Participant: 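This is the structure I have questions about; it appears just below.
Quick note on labels: first sequence line is chain A, next is B, and so on, each numbered from 1. These numbers come from a predicted model, not from an experiment.
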Protein chains: 2
Amino acid sequence: MPSPRPAVPRITDVAALAGVSTSTASKALNDTGQLREETRARVRRAAEQLGFTPDSRGRALSSGRSYTVGLITTDSSGRFSIPIMLGAEDALSAGEMALVLCDTRDDPLRESHYLKSLVSRRVDGIIVTGRRTEPRAPIDVPIPVVYAFSPSTDPADTSVMVDDHGGAASTVRHLLTLGRQRIAHVTGPATHRSAVVRAAATVSTAGDALVAEPLHGEWSERWGRHAVDVLLRTTDVDAISCGSDQIARGVCDRLRELGRAVPDDIAVTGYDNWSVMALASRPPLTTVDLQLEQLGRRTAQLLLEMIGGASSSGLLELPTELIPRESTLGT
Amino acid sequence: MPSPRPAVPRITDVAALAGVSTSTASKALNDTGQLREETRARVRRAAEQLGFTPDSRGRALSSGRSYTVGLITTDSSGRFSIPIMLGAEDALSAGEMALVLCDTRDDPLRESHYLKSLVSRRVDGIIVTGRRTEPRAPIDVPIPVVYAFSPSTDPADTSVMVDDHGGAASTVRHLLTLGRQRIAHVTGPATHRSAVVRAAATVSTAGDALVAEPLHGEWSERWGRHAVDVLLRTTDVDAISCGSDQIARGVCDRLRELGRAVPDDIAVTGYDNWSVMALASRPPLTTVDLQLEQLGRRTAQLLLEMIGGASSSGLLELPTELIPRESTLGT
DNA sequence: AGGTTCAAGGAAAACGTGTTCCGTATGTTT
DNA sequence: AAACATACGGAACACGTTTTCCTTGAACCT
């Protein structure tokens, strides 16, 4: 016996108090059907008085929709997934939709478990997101799905991703505009798609101003510091464009240690606008904001449209925003 | 007309295929009731064949439970809320419970909106968490609630928090064990409970070894760097215990710039085990791990117990773990 | 043989809502 | 005055499951 009954009022209670039938009460509360305004008001008053909140389980069953979407992330602890989640949640909550969180921790077993759970909950749609920008295998469910950040390998699926090419190009154009002529690029592993894409954009945008092959290493401050040593040993540069804020911060630290002024001697750009790196760096970093929260919002909107019946819209690349700071502009 | 019907099989379809009634099918699939094993197997085969997944909306309505819990966070972008979320989600998913995410962004309006939504969804329970350790006003719902990280002001509510006193004390004991005799403490704003609690623990544990009043400032690397200047101007210290890894990193940076060796001249401890700070610091920081994921898991377990009928268990403080690294041990 | 017990499975109700269909009263038109 | 449209509101059903009874037949005991 699980307690005598929480005594939460149902619509029949409201109807009884208002002296109408349940169907009338339902119409009154949902602004449907043909009712006198006076009746509507009476029902609303009754609902108010009882503190009635409609049970969405009943509504879900009756309407065929659950007003819920699932968010599957392979790694929600990553700093990329989180803003996406928040943006999506924000856009969804505006439409009275709830978001259920599923962190697969990169485990295929967990993923299929969650998928089953979401299907069983008759979720209206699913958002799939990951930590990296490499395309991932699509999931197989009879529900609208949108991929965010890491697109589906199937181009017919709807995917929303960051325009990494444009982002990297914008930093280079920024450096060129400032008159820099001897640019180097330091970035992450050549096995990471984002590093490769950004490097390619840098190469093609910088043209003759690029004075060295892109340097690939790990996404760390340590690599940034080390790369400076490697670079200055052989090359004379006036700008270093980095593949991440973390690398850029390492670059700045090492340059300072070597007595090279940033940006007077060498300008530095980061990537990601990870505030804890970009703002704490000395000097603060000019960088590229990925607009991930916006990406999450856009993803949710697309999903809502698909739930509404729209067909897949293929791959969508969202613009980034260049954030100029002292590491290129000076004080 | 919303498409001719997704044609997802219902339990009646399974029952029909197996040649039994729906009630029998239900019993077979849930391992309840009295059925021949052969019948059970037949029903299971039919379900398998049809790819049947029970509709949890129906189950929710029938069982009176939604198998869902809500997570209300005032700021899910914070690095504290996230591990808590993940831990909770992990513990809940093991029990076939889903977690719906609600980020209030510190807006009371949004909070009440979400509360209404969760109540309407007949969530089985709610987890409330925040960015800071200050107690917060309890929420008023007829559902089990557990507060995580930021406890409820009502001591009768169930709250799970970090043992900040013990955490700070452990760093000081660590320093004393290493033979340090002249300890200073640099931490965050005196308006922050966590700073005050950690400072008090430091004072009472260090005793005579504390050579200066705790220094309060902001939670930033910059303040850490500045505090070193302030401190060394008047005092001779052989250890600095910091209120956060961010501050500790700033302290280390400044000490290095001043040519003071860490830890040989001065040992440094951080707090939070925020890997991006603690590991990137030079040298890596001895620090206190808050075990937030464990805290999230424990919170979820308590909530499940309360959903199961257990009564509130008041305030619970979870232990932290000291992580020794080079900033006190050397290489 | 007649009664009791038990396994097996079906019929029906319950959960809470939304919606379709239908009856009634009221007012309007010829 | 009769025919008719319309506003209003109620009865019934649907959504998909679980669970509580109830029926049936067989085995068992005295």
Side-chain angles (χ1 to χ4, degrees), chain A residues 1-2 5-44 46-47 50-68 96 119-124, chain B residues 1-3 5-16 18-44 46-47 50-68 96 119-124:
Chain A
M1 200 172 0
R5 186 69 115 67
V8 33
R10 299 157 301 166
I11 198 173
T12 53
D13 301 323
V14 174
L17 179 59
V20 297
S21 74
T22 64
S23 58
T24 302
S26 171
K27 290 170 195 160
L29 295 175
N30 294 321
D31 271 333
T32 76
Q34 312 228 55
L35 268 58
R36 257 180 312 175
E37 185 48 42
E38 189 267 328
T39 311
R40 287 216 141 83
R42 193 149 37 95
V43 173
R44 275 198 282 261
L50 261 45
F52 169 72
T53 329
D55 187 327
S56 55
R57 292 171 305 177
R59 191 205 305 267
L61 206 46
S62 166
S63 69
R65 292 188 45 185
S66 62
Y67 293 93
T68 303
E96 297 292 322
V119 169
S120 150
R121 291 191 129 79
R122 299 297 189 265
V123 171
D124 295 332
Chain B
M1 201 172 359
S3 80
R5 185 68 113 69
V8 33
R10 301 156 300 168
I11 198 174
T12 54
D13 301 323
V14 174
V20 297
S21 74
T22 63
S23 57
T24 302
S26 172
K27 289 170 195 160
L29 295 174
N30 294 321
D31 271 332
T32 78
Q34 313 228 54
L35 268 58
R36 259 181 312 175
E37 185 47 43
E38 187 268 329
T39 311
R40 287 216 144 83
R42 192 150 36 95
V43 173
R44 275 198 283 261
L50 262 45
F52 170 71
T53 329
D55 187 327
S56 55
R57 293 171 303 177
R59 192 206 303 269
L61 204 47
S62 166
S63 69
R65 292 187 44 184
S66 62
Y67 293 93
T68 303
E96 298 291 322
V119 169
S120 149
R121 291 191 127 79
R122 298 297 189 266
V123 171
D124 294 333

Participant: C:dT17 P sits how many Å from A:N30 CG, rounded?
Facilitator: 10 Å
Participant: What are the two closest heavy atoms between B:A18 and B:A46, and how far apart are they?
Facilitator: CB-CB, 4.0 Å
Participant: Sequence neighbours left out, what passes salt bridge (charged side-chain N to carboxylate O under 4.0 Å, His left out) with B:R121? Give chain and number order.
Facilitator: none
Participant: Can a side chain N or O of B:R59 be found less than 4.0 Å away from OP1 or OP2 on D:dT18?
Facilitator: yes
Participant: Note down the inter-axis angle between the two ends of the helix from C:dA1-D:dT30 to C:dT30-D:dA1, five pairs each, to the nearest 10°.
Facilitator: 60°
Participant: Counting the atoms with a prime plus P, OP1 and OP2 as sugar-phosphate, which does B:S26 contact under 4.0 Å by heavy atoms, base, sugar-phosphate, or nothing?
Facilitator: base
Participant: Roughly, in whole Å, what's the span from OH in A:Y67 to C1' in C:dT17?
Facilitator: 12 Å
Participant: Rounded to the nearest Å, what distance is computed from the CZ atom of residue A:R57 to the P atom of nucleotide C:dG18?
Facilitator: 13 Å
Participant: Quick check: closest heavy atoms across A:R40 and A:T32, and the distance to 0.1 Å?
Facilitator: NH2-O, 2.5 Å
Participant: The side chain of B:R10 is closest to which nucleotide in this list: D:dT17, C:dG16, C:dG18?
Facilitator: D:dT17
Participant: For the atom pair OG1 (A:T24) and CZ (A:R36), what is the distance rounded to the nearest 0.5 Å?
Facilitator: 11.0 Å
Participant: Once each nucleotide of nucleotides 5-12 of chain C is scored for protein heavy atoms under 4.0 Å, what B/S/- sequence comes out, 5' to 3'?
Facilitator: --SBBBBB
Participant: May I have the distance from B:R65 (atom CZ) to D:dT17 (atom P), rounded to whole angstrom?
Facilitator: 19 Å
Participant: Between C:dG18 atom C1' and A:D55 atom CG, what is the distance in whole Å?
Facilitator: 13 Å
Participant: How many angstroms lie between atom CZ of B:R122 and atom OG1 of B:T68, to the nearest 0.5 angstrom?
Facilitator: 13.0 Å
Participant: Expressed as a whole number of angstroms, how long is the span from B:I11:CD1 to D:dT19:P?
Facilitator: 11 Å
Participant: Distance check, rounded to the nearest 0.5 Å: A:R65 atom CZ versus B:R57 atom CZ?
Facilitator: 11.0 Å
Participant: Take the protein atom CG of A:D31 and the nucleotide atom C1' of C:dG18, then report the distance between them rounded to whole Å.
Facilitator: 14 Å
Participant: In whole Å, what is the span from the CG atom of B:L61 to the P atom of C:dG18?
Facilitator: 12 Å
Participant: Looking at CD of B:Q34 and OG1 of B:T39, how far apart are the two atoms once the value is rounded to the nearest 0.5 Å?
Facilitator: 12.5 Å
Participant: Calculate, to the nearest 0.5 Å, the distance between atoms NZ and OG1 belonging to B:K27 and B:T22 respectively.
Facilitator: 9.0 Å
Participant: To the nearest 0.5 Å, what is the distance between OG1 (A:T12) and CG (A:L17)?
Facilitator: 11.5 Å
